[in-house]
K.L.:
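Just passing along the structure, written as structure tokens.
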Amino acid sequence: MEKIGIMGGTFDPIHIGHLSLAEAVRDELDLDRVIFVPAGEPPHKERGSLGSAEDRYNMTLLGCKDNPFFEISRTELDREGLSYSVDTIREIKKLYGEDNRFYFILGADSLMELDNWREPKTLLSLCCFAAVARPGFKSKKITAQLKKLKEKYNADIKYTESVRLEISSTDIRNKISQGKSVKYSVTEAVLEYIREKGLYGFKPEFYPEVRGFKNKLKAELKPNRYIHTLGVAGEAVKLAEKHGEDKHKAYIAGLLHDCAKNFDNKRTFRFCKEYGVALDDILREQPDLIHSFLGAAAAEREYGIEDKDILNAIRYHTTGRPGMSRLEMIIYLADMTEPNRVYYEGLDKIRELSYYDLKGAVAEALNETISFNRERGRIVHPLSLEAFEFYKNFREEVI
Ligand code: ATP
Ligand code: MG
């Protein structure tokens, strides 16, 4: 026989309150496992205001991934119609074996509402309950409620005050939409998911480290360059949204793509040496190209960027290269099409293409850059030529 906890909730998003209360109950009651059951259509929540079932399910998976005692059940998500706990408990019991001992875990707010749930008598007879304190719910009221449920339904409810966390999904959603940090209120993996999908109105520029990046860039770049940088970051997010790329990564790469652009000569050469950026003949002849390669090194060393895709997007944003990643193409293009760019012939075409055909747009942009440099008698970096060979077949007129 196993002792199994059932943790119901909308998990919109799952937060450390949910996780620590489930863990506390597991520990106190010596449970063998806790099954998290993301709500399908909860009867008590307003429709339409709820995050998508798949997002809530994915976040529940991510939130629980580090605890071997935690499992997730899709039973409510896969069931049609409104989700009632009485049905859920019956189903979980059937699935996991009626012989086991089940504990439905809930917070004090849910405990106070329990007799308004569907079929309370049956519900409370199906299994034991484990309730946990929640700020805002006084012990006296809770004791009275426990007594009432005991008398009315002969309910078996354990109550613990061992955790008391002032945290709710509502508060987290509000904070995110206002651009406030929710770090430590949800796990890193859940935060990453929220960021990536832009849930609850999360905007990449809300990410706490961005403020520091902006201050440093503002101090180091010429005013117009800084404005261009913000334009690239914004355009990159737009493209990321259209092409299913991580918006946060696109924003950071856009923001940092020119971070080494306004280094003076002395600093450029010193940092090239220090950061191991090789100055070949081409870079010596065309020093304007250095800032991309040096920018990647500076983003890593000075801004703490570890993500290789972001670093490559910075490294190849001027030359391009064959077989660019989606993020590399996005930054390459956003740099050429951001709204503050001075107009050049071909701009509209590249911009329009960039919204539905990244490779076609890259081919167009490379063609434009190569002819622009040739017309001015400048050497074209071999990477750009190789890139054009790679992408030229994606040009619209060729297809
Ligand atoms: P929302 O603000 O959207 O209602 P929530 O934080 O209350 O979200 P739910 O998914 O509604 O989270 O809650 C699932 C279960 O977890 C409920 O039984 C609730 O009482 C309990 N719970 C959530 N947060 C806490 C907390 N901080 N302390 C104790 N119990 C909690
Ligand atoms: Mg709630």
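For ligands, and for the atoms within them, numbers begin at 1 and follow the listed sequence.
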K.L.:
At a 4.0 Å threshold, what atoms of ligand 1 neighbour a non-hydrogen atom of Gly9?
P.N.:
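Heavy-atom distances to Gly9 below 4.0 Å select 10 (O), 14 (C).
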
K.L.:
Show me the donor-acceptor pairs, under 3.5 Å and distance only, between side chains in residues 298-305 and residues at least two apart or in other chains.
P.N.:
{"residue": "Glu302", "atom": "OE1", "partner": "Lys216", "partner atom": "NZ", "Å": "3.3"}
{"residue": "Glu302", "atom": "OE2", "partner": "Tyr275", "partner atom": "OH", "Å": "2.8"}

K.L.:
Within ligand 1, which atoms have a heavy atom of Arg173 less than 4.0 Å away?
P.N.:
3 (O)

K.L.:
What part of Arg164, side chain from CB on, backbone N/CA/C/O, both or neither, has a heavy atom under 4.0 Å from ligand 1?
P.N.:
neither

K.L.:
Can you find a non-hydrogen atom of Ile167 under 4.0 Å from ligand 1?
P.N.:
yes

K.L.:
For Pro135, which part has a heavy atom under 4.0 Å from ligand 1: side chain, backbone, both, or neither?
P.N.:
neither

K.L.:
Find all atoms of ligand 1 within a distance of less than 4.0 Å from any non-hydrogen atom belonging to Phe11, and give their numbers and elements.
P.N.:
10 (O)

K.L.:
Should Asp12 be counted as touching ligand 1, given the test is an N or O pair under 3.5 Å?
P.N.:
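No; the residue has no nitrogen or oxygen that sits under 3.5 Å from a nitrogen or oxygen of the ligand.
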
K.L.:
Between Glu338 (side chain) and Asn340 (backbone), is there a donor-acceptor pair under 3.5 Å?
P.N.:
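At least one qualifying donor-acceptor pair exists.
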
K.L.:
Name the orientation class of the two ring planes belonging to Phe36 and Phe70 (parallel below 30°, tilted from 30 to 60°, perpendicular beyond 60°).
P.N.:
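Tilted: the ring planes of Phe36 and Phe70 meet at 30° to 60°.
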
K.L.:
How does Glu166 reach ligand 1, by side chain, by backbone, by both or by neither, if only non-hydrogen atoms under 4.0 Å count?
P.N.:
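Neither part.
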
K.L.:
Hey, does Ala39 sit under 4.0 Å from ligand 1 if you only count heavy atoms?
P.N.:
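No, that is not the case, since the closest heavy atom of the residue is not under 4.0 Å from the ligand.
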
K.L.:
Salt bridge between Lys261 and Asp288, side-chain N to carboxylate O under 4.0 Å?
P.N.:
yes

K.L.:
Identify whether the distance between the nearest side-chain nitrogen and carboxylate oxygen of Glu98 and Lys94 falls below 4.0 Å.
P.N.:
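Here Glu98 does not pair with Lys94 in a salt bridge, since their nearest N and O are not under 4.0 Å apart.
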
K.L.:
Tell me which part of Leu106 gets within contact of ligand 1: side chain, backbone, both or neither, using heavy atoms under 4.0 Å.
P.N.:
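Both parts.
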
K.L.:
Where does the angle between the aromatic ring planes of His18 and His15 fall among parallel (under 30°), tilted (30 to 60°) and perpendicular (over 60°)?
P.N.:
parallel

K.L.:
Can you check whether Gly8 has an N/O within less than 3.5 Å of an N/O in ligand 1?
P.N.:
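N/O-N/O distance below 3.5 Å does not exist for this pair.
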
K.L.:
Before accepting this row, confirm whether a basic side-chain N of the pair Arg351/Glu235 lies closer than 4.0 Å to the acidic partner's carboxylate O.
P.N.:
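No, no charged N to carboxylate O under 4.0 Å.
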
K.L.:
Suppose I only count heavy atoms of Asp109 and a 4.0 Å limit; which atoms of ligand 1 are within that range?
P.N.:
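Those qualifying, in numeric order: 19 (C), 20 (O).
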
K.L.:
Which of the numbered atoms in ligand 1 are under 4.0 angstrom from any heavy atom belonging to Ala133?
P.N.:
28 (N), 29 (C)

K.L.:
Just distances here: any N/O of Met7 and N/O of ligand 1 closer than 3.5 Å?
P.N.:
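So ligand 1 has no N or O lying under 3.5 Å from an N or O of Met7.
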
K.L.:
Quick one: do Arg74 and Glu54 make a salt bridge, cutoff under 4.0 Å?
P.N.:
yes

K.L.:
State, to 0.1 Å, how close Gly40 and Leu77 come at their nearest heavy-atom pair, and which atoms those are.
P.N.:
CA-CD2, 4.1 Å

